[in-house]
Amino acid sequence: MTDPTAAVRDRALSLPAAELPAYIYDLTALRDHAEAVRAALPGRVELYYAAKANPDPEILAALAPYVDGYEVSSGGELTHVHQAVPDHPLAFGGPGKTPAEIATALELGVRRFHVESVYELRMLAELAARTVPDARVAVLLRFNLPLPEGSLENSSLAMGGRPTPFGIDPAEADESVRLLTGEAYPQLELVGVHAHLASGLEAGEQLAVAESVVGWAVALAGRHGLRLSEVNVGGGMTVDYTEPERRFDWAAYGKGLAELADAHPHLTIRIEPGRALTAYCGWYATEVLDVKHSRGEEFAVVRGGTHHLRTPATKGHDQPCRVLPVDDWPHPWPRSRAGQDRVTLTGQLCTPKDVLARRVPAAGLRAGDRVAFSLAGAYAWNISHHDFLMHPRPGFHYLEGSRG
Ligand SMILES: *Cc1c(COP(=O)(O)O)cnc(C)c1O
């Protein structure tokens, strides 16, 4: 369980039922959080926001004072982020970049690429020569590096250290470095190494990953007599959906990164979190439509569902939530009401997978009560299958209060 801020609670209760469900983004809370994250990191560590976690323009703009740039992973994200936060540095990553996307990126002024394969490296070189012949283009080679021992246990999505479509196999590292340092591609400058190996990692595990990636990059540079200037150690800082109050330990992570940065004074270390920056600021608020008994258990059907908030269905968890009781009842028919202590909250879709949270303590829950689901600011609306069953889209609300 988790408590909405007063502003979120007020909005969730004051919206007319017909304007629910609604996504409510607390931009003040987002700014406070981003400021705290930035403050915990050493000045020399750069912070990019991975836009795919939530590319809402208001969120991108709210983060702008606290981040050094944005990581985009598609042509769509690229043009969108470029428009939403003009003049902020972008790094273009992600697998399967098309020639048209790369050309657009170059035309829009993107000069930092996370290159995913030797094939893509050659494509980038030719397109840069054609599109922006006078520009210097910074390349970070993304490698599929092994995860350090013991750091995999808690990670929910490992994309490194095993066969995956992400990054360059370390066996091709020397070939890709030679290509970049030879005569062939004078426009491309190998500035460093990128690795995003897993998500759902705690601070200690993230530090182990950062140390291992930096160590690997330094060794690669040493073998080739180069000096790399950047290492991007990725995102994947954990968000705990079972204990929303427990947050990633940014202070410990920042302290460890400071030591790592001090040990490599010529290197800019960069991180690119998504989820851990924006998950907390978002709420999905809705209304209970019906409460029913079914073969010994109770279910509350709410307006909306996993076609708006797919996170619990994809991650297989219960989305944390808080019931907001509403005593007024405007209808002539009687309210349906829970008789048991625990109620499973489902959406309006005709599929048993449309479950938002199972067996939530909600004694006395009634039709007409409201529910605010938390941790809905990342991988929530933007990963959901909105059109399934043709229910109306939620409203979007952005709360700006005085800063505490
Ligand atoms: C998704 C992604 C991120 C962000 O991951 P989070 O788990 O949201 O922090 C960062 N970098 C890359 C390359 C990604 O694909």
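When a ligand or atom number is given, it counts from 1 through the structure's own listing order. Only a predicted model underlies this, so the values are computations on that prediction, with no experimental measurement involved. Computed over heavy atoms, backbone and side chain alike; hydrogens, waters and symmetry mates excluded.
- An N or O contact shorter than 3.5 Å links K52 to ligand 1 by distance.
- Below 4.0 Å from some heavy atom of Y379 lie the following atoms of ligand 1, by number and element: 1 (C), 4 (C), 5 (O), 6 (P), 8 (O).
- Between E126 and R130 there is a salt bridge, since a side-chain N of the basic residue sits under 4.0 Å from a carboxylate O of the acidic one.
- Taking every heavy atom of E71 and a limit of under 4.0 angstrom, the matching atoms of ligand 1 come to 13 (C).
- Proximity of the aromatic rings of H386 and H307 is defined here by a centroid distance below 6.0 angstrom, and this criterion is not met.
- Within the 4.0 Å heavy-atom shell around ligand 1 one finds G236.
- Because its NZ or CZ atom is both nearer than 6.0 Å to the ring centre of Y280 and within 45° of the ring axis, R247 counts as a cation-pi partner of that residue.
- Residue contacts with ligand 1 leave out F166, since none of its heavy atoms falls under 4.0 Å from the ligand.
- Which parts of ligand 1 touch G235 is read off a 4.0 Å heavy-atom cut-off, strictly below it: atoms 9 (O), 10 (C).
- Side-chain atoms of Q319 and H317 include a donor-acceptor pair closer than 3.5 Å.
- With 3.5 Å as the limit, one finds a donor-acceptor pair spanning the side chains of T278 and Y49.
- Atoms of ligand 1 lying under 4.0 Å from at least one heavy atom of S199, given by number and element, are 7 (O).
- When each atom of ligand 1 is checked for a heavy atom of A50 under 4.0 Å away, the hits are 3 (C), 4 (C), 10 (C).
- Residue P273 places a heavy atom under 4.0 Å from ligand 1.
- The six-membered or imidazole ring of Y25 lies away from that of W283, with a centre-to-centre distance of 6.0 Å or more.
- Contacts between H114 and ligand 1, counted as non-hydrogen atom pairs separated by less than 4.0 Å, are absent for every part of the residue.
- Applying the ring-ring contact (aromatic ring centres under 6.0 Å, His included) rule to F373 yields no partners; only residues at least two apart in sequence or on another chain are considered.
- Residue contacts with ligand 1: G274 is placed with a nitrogen or oxygen under 3.5 Å of a nitrogen or oxygen of the ligand (distance criterion only).
- Residue E272 touches ligand 1 through backbone and side chain together, judged by heavy-atom distances below 4.0 Å.
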Donor-acceptor list for residues 378-385 side chains, cut-off 3.5 Å, not counting sequence neighbours:
from, atom 1, to, atom 2, distance (Å)
N382, ND2, K52, O, 2.8
S384, OG, H308, O, 3.0
S384, OG, R310, N, 3.0
S384, OG, A380, O, 2.6

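- When the options M237, R275, H196 are ranked by their closest heavy atom to atom 5 (O) of ligand 1, first place goes to H196.
- For Y48 and Y70, the distance between ring centers is not under 6.0 angstrom.
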